[in-house]
Every structure is written in structure tokens, then in C-alpha cells.
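Below is one structure, written out as C-alpha cells; the observations come after it.
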2 protein chains.
Amino acid sequence: MATGRTHRPATRSRGIPEATVARLPLYLRALTALSERSVPTVSSEELATAAGVNSAKLRKDFSYLGSYGTRGVGYDVEYLVYQISRELGLTQDWPVVIVGIGNLGAALANYGGFASRGFRVAALIDADPAMAGKPVAGIPVQHTDELEKIITDNGVSIGVIATPAGAAQQVCDRLVAAGITSILNFAPTVLSVPDGVDVRKVDLSIELQILAFHEQRKAGEEVGAPEEAAGAVPPPPVTPHRAPSGAPGAPGADSGRQGPDGDVPAVMPA
Amino acid sequence: MATGRTHRPATRSRGIPEATVARLPLYLRALTALSERSVPTVSSEELATAAGVNSAKLRKDFSYLGSYGTRGVGYDVEYLVYQISRELGLTQDWPVVIVGIGNLGAALANYGGFASRGFRVAALIDADPAMAGKPVAGIPVQHTDELEKIITDNGVSIGVIATPAGAAQQVCDRLVAAGITSILNFAPTVLSVPDGVDVRKVDLSIELQILAFHEQRKAGEEVGAPEEAAGAVPPPPVTPHRAPSGAPGAPGADSGRQGPDGDVPAVMPA
DNA sequence: ATCTGTGAATGGTTTCACAGCT
DNA sequence: AGCTGTGAAACCATTCACAGAT
């Protein structure tokens, strides 16, 4: 049960900063679009705009990869596409398994963006026996029992977890035991993995909550009142010694914020 | 065409750092789980483990909210749940519209995590007339024509875009014109929005590409060869003056990396 | 004249380590 | 004794501004 490493402690990765790595796919996408329109070269300014960043950042980012531009001219589109693809490891193909074929899993299986870069969906796996054999996105779903075999046989090293939260850790453990070393997790749970395994998390409800935070601020500033928008100010930290008997404060319109079962599966696998 | 602002330039938000805001939902989830198990108090250490961060970070984060703990004891679970909910704006409810009801849109509509905190799916919108009226997750899909009316009538300020990339900017413009000020974008495009509108992006293929980057590094280090794993070293930056006639380098096994239509819709709305 | 590549400056985030309260 | 709250230090990321290449 190793303590979950998650973010890669910069193992001296020949220096490319994590923040830069996270933007390379953005540049790649913008470049691919240019390439399709047969644009031969771009300036840092143009490319930055297309990718939604500023040009200084882009140039700094590229400087970690090497000197791939031409002063006074810009960057050769095809050449850059290749260099970034190579840096990201997209010149080889990556078989991927998706575990948990509910709505979300099906959406992922159908997602064109996977196939379009080196990623290939090697298998779809679900715990529901009734799903077994049914094709999703042209690929027959296989039962969880086959998980280990599928991974070894296909040499899969990347797994996508799209199961309900309750099943995620268990699935994760099996994936890791079978040899998976990178996991993309859509279930709303913190996964524990041994050292050397990378986990990235995509969490829909967290993103919304962050938006709500800013949204609330906007609403507050609008009226001029710098603090609370509506509703009474909550009780001060009265240093409670035990759990308060009732509810903590005056939560306003809080008629049952709690969902049907706590933190909730992303999507049912059945 | 305003240049797309995206990340909130820290408008003196009473100081809470963006990185902290992004972690509050994590803490909230861990606290909710504790609350359900009727745990009265937690130490920063325990809570940090449950949330997947370290305790120093957690304490720093909480210190921006106020002094909600008790030295020598820890934090009162219920009280903290309330304080963080309030800070995130989750004590009020947020009507949300989802535009683009393909596999992904349907998955989102069914996602329990939305409903479980203040978020309420106010409407599902799709461009396909054949979808109109069909219930998804118990909510009838409405046609894009109704978009503006739906938003104004329901006072919606948060919109989720789950359309193909090609439609996203257009949908975004209409959402913004109708009064939406926060957008969660699942389409693989950079959205341009006027100042004051927040956009957050969830991009499945980018996450996978980041994993591939690290995966590649692991494979390389394993064999001891610090540089290229397999395949010839690519051509040096020969300062090409125009686009090279053929392909740039020696992309190895690159039998058609390009997908059927470029960067590809997330999921078909039809 | 133009546009890249990069040191130096700035700003934000994480970690350390300990003072201060219970 | 135990655990929070927080300055100070260390680290990472972004932006500035300009030297250097074409």
C-alpha cells in the first residue's frame, strides 16, 4: 500500500519543466491545424495566439526542446510538429485499455482525439457480465476477469479508469499489478499507487466547483458589497470541542445538499 | 473579437491563491466522506492523506480561509465542510446547461457529482432536431434554438460545452451573449471569450499525451540509454528556408498518425 | 527590419521549521 | 505532548527586455 505518488518529483527529466510538458500538446494541436492548411512557417506570436498562450512563454517552452526556429523568420511547421511529437513520445503507438464502459467510458472509446495521436484503444473492460461481447465504438467489451491477460498480451502500459468511485482503487491495484505504469483516472477518488506509477486525474465536479468560486466572486463584486452576497454571516470559529449537535451555521437555502450516495460514481458501468 | 482571457488575473480575490482554490474541492470531498462516517474531528495529517496532499500544504491552504482549527486537537469536520462549501459558493445552487448531448454530454448529465454539490442541470441542449424531446438522465433535450431563452429564463451563469470542436466557438459566443460568465469546455479548441468570462478546459487527449511523455522517459531510463529509446536520431535544425519537400525526419512507425478529420470532435452530438 | 533565444527580474507555490495555543 | 498557524527559505513558472541571428 505505498503512499500515493502523483505528480512526478522531477526525476531530472533532462530538464523539461512540467508546466512546459503540459503545454506541448496545445502547441501540437495548433501546429497540426496549420499543417493541414499547408502553412509552411509560423512566428511565435501567431502560434502562441492559436494555442491560447503568450509568445514569451511559448518561446521559453521551445527553448527547452532546442533551437528549432529561425531568427527573423519563425518556425517551420512540419519540423516542429515532428519534434514535439517525438518529445511527447507520440511517434510510437500506445495501446490503451479503458476500464468501466458506462456513458463516460463509451464516450472515451468513441473519442477521436485518442486515435488521432499515437493512442490505440486496445481493449474495453467492464465488470458487468451482460456487457461482455457487446461492441462499443466497434470494439467488443471484455469482462474484468480478462484484465491481466489483456494487459500482458498487448503490452499495455497506459490505463484509463472510468468506473464508479467505489471500484476505482481496486481496478487500479489490478492494473498496476498487471504492469500498467500510467493511469488516467476519471473516478472521483484519490488513488494510491506505488512509486514509479503516474496518475493523472480528470475530475468534472472539481472543475465546476472552481468555476463556482470565481462566479461567486463576480456576483459579490458586482453589487459593490465586498464580502457576503446574500445570507447571514456564518458563526465565528467558536472552538467547538466536539461535533456540534445540530448543523454548523445558517447555510441559507440548503435543502438537502447531500447527494443520494455521497460522493457518487462517475457513471454506472452497467 | 476580444482576445481570449482564460485564467483570471488575480483580481485581488481577497487573496486566496488559485492553487489553493483548486484544492478546496479535494478537501471538501475528503471531509464529506469523514462526515458521513460521523467522524467529529481530523488532524491536518489525516485529512491531507485522505485528500492526497501533504499536511504543510493543507495547513497553509486553510490559513488563507481563516483560523478554523484548534491547536492540539485538529479541525471540526462539520464546521470545515460548511466553511469550505461557503467559500466555494456551494451553499447556493447553480443552474447549469450542458450543450452537446452526445456520449460525453449524456455522461455529464448522468454524473452524480454534479447534482451532489450545489449544481443543478437546468437544461440539455443539442443541435440535432431528432434529439429534441428525448429524455436523457430524465431531462428532455431541447433544441439549440431555445438556447438564449433557456439561459435567461433560468438565470443560468455556468455552461458546459460538450460539442464537437467545430461547433464550440459558435456555441460559446451564443452562451456568452446570453449572459453566461463561466464555461467548462470539453471540446478540443481554444475558446475566445471577452474579459470577465472564465473558461476552464478539460481535454482528454492532452492528459494522455502528458502521460505518454512520462511513460516514454521511464522506458528510456530503464535500459540505461539516457537519450532516444529506438529509432534514428532526427535531423538537426538545418535552418530550412521553406517547407521541406517530403516528410521532416524519420518518424519511424508512422503509418498515418493523422486521424480522419484533424483534431476531431469530442463526440458526435447526433 | 524582423523575430528567435535567453539571462535577469518578478511573482507565485511549496516546503521547512518552529512559535504559540490547548 | 500534540497539533495548528505562519514567517522565512527554497523552488518553480512567468514575464521582461534585449542581444544575436537572418
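The chains referred to below are lettered A, B, ... by the order of the sequence lines, with proteins before strands, and numbering in each begins at 1. As a basis for the values below, the full set of heavy atoms in this structure was taken, side chains included, without hydrogen atoms, waters or symmetry mates. On a predicted model such as this, the values are computed, not experimentally measured, just so you know.
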Practice problem: Return the value, rounded to whole Å, for the distance between atom CD of B:Glu46 and atom C1' of D:dC3. | Solution: 11 Å
Quiz item: What's the CG-C1' distance between A:Leu58 and D:dT15, to the nearest Å?
Solution: 14 Å
Quiz item: 5'-most contact on DNA chain D: A:Asp61 or B:Gly74, nearest heavy atom basis?
Solution: B:Gly74
Quiz prompt | d(CD, A:Glu45; C1', C:dA1) in whole Å | solution = 16 Å
Short N/O separations, protein against nucleotides 7-11 of chain D, under 3.5 angstrom:
from, atom 1, to, atom 2, distance (Å)
D:dA8, N6, B:Lys60, NZ, 3.4

Which pairs, protein N/O on one side and nucleotides 18-20 of chain C N/O on the other, fall under 3.5 Å?
from, atom 1, to, atom 2, distance (Å)
C:dG20, N3, B:Arg71, NH1, 3.3

Self-check item: Donor-acceptor contact present, side-chain A:Thr32 to main-chain A:Leu28, <3.5 Å
Solution: yes
Quiz item: Heavy atoms, side chains only, cut-off 4.5 Å: are A:Leu191 and A:Gln169 in contact?
Solution: yes
Quiz prompt | B:Thr181: side-chain hydrogen bond (donor to acceptor under 3.5 Å, both in side chains) partners, not counting sequence neighbours | solution = A:Glu215
Exercise. Answer with yes or no whether the side chains of A:Thr20 and A:Asp61 bring together a donor and an acceptor at under 3.5 Å.
Key: yes
Self-check item: Closest contact, heavy atoms only, B:Arg29 versus A:Thr189
Solution: NH1-N, 4.3 Å
Exercise. Give the rounded distance in Å between these two atoms: NZ of B:Lys57 and C1' of D:dG5.
Key: 18 Å
Practice problem: For A:Ala56 and for A:Pro17, locate the closest nucleotide of DNA chain D by heavy-atom distance; then report the residue assigned to the nucleotide nearer the 5' terminus. | Solution: A:Pro17
Exercise. Report yes if a side-chain nitrogen or oxygen of A:Ser44 is closer than 4.0 Å to either non-bridging phosphate oxygen (OP1 or OP2) of C:dC3; otherwise report no.
Key: no
Quiz item: Among A:Phe62, A:Tyr79, A:Tyr82, which residue meets the ring-ring contact (aromatic ring centres under 6.0 Å, His included) test with A:Tyr68?
Solution: A:Tyr79
Practice problem: Write down the distance between CG (B:Leu47) and P (D:dG5), rounded to a whole number of angstrom. | Solution: 12 Å
Practice problem: Look at B:Tyr75 and D:dG5 and indicate whether a side-chain polar atom (N or O) is within less than 4.0 Å of OP1 or OP2. | Solution: yes
Practice problem: Report the distance from atom CD1 of B:Ile16 to atom P of C:dG12, rounded to the nearest whole Å. | Solution: 15 Å
Practice problem: Report yes if a side-chain nitrogen or oxygen of B:Asn54 is closer than 4.0 Å to either non-bridging phosphate oxygen (OP1 or OP2) of C:dT14; otherwise report no. | Solution: no
Quiz prompt | From C:dT14, D:dA13, D:dG5, nucleotide with atom closest to B:Tyr64 side chain | solution = C:dT14
Quiz prompt | Non-hydrogen atoms of B:Gly159 and B:Ile180 that approach each other most closely | solution = N-CD1, 3.7 Å
Quiz item: Within the side chain of B:Ser67, is there an N or O that forms a donor-acceptor pair under 3.5 Å with the backbone of B:Ser63?
Solution: no
Practice problem: Measure from CG on B:Leu65 to P on D:dT4 and round the result to the nearest Å. | Solution: 15 Å
Self-check item: A:Glu87 with B:Arg217: basic N within carboxylate O range, under 4.0 Å
Solution: yes
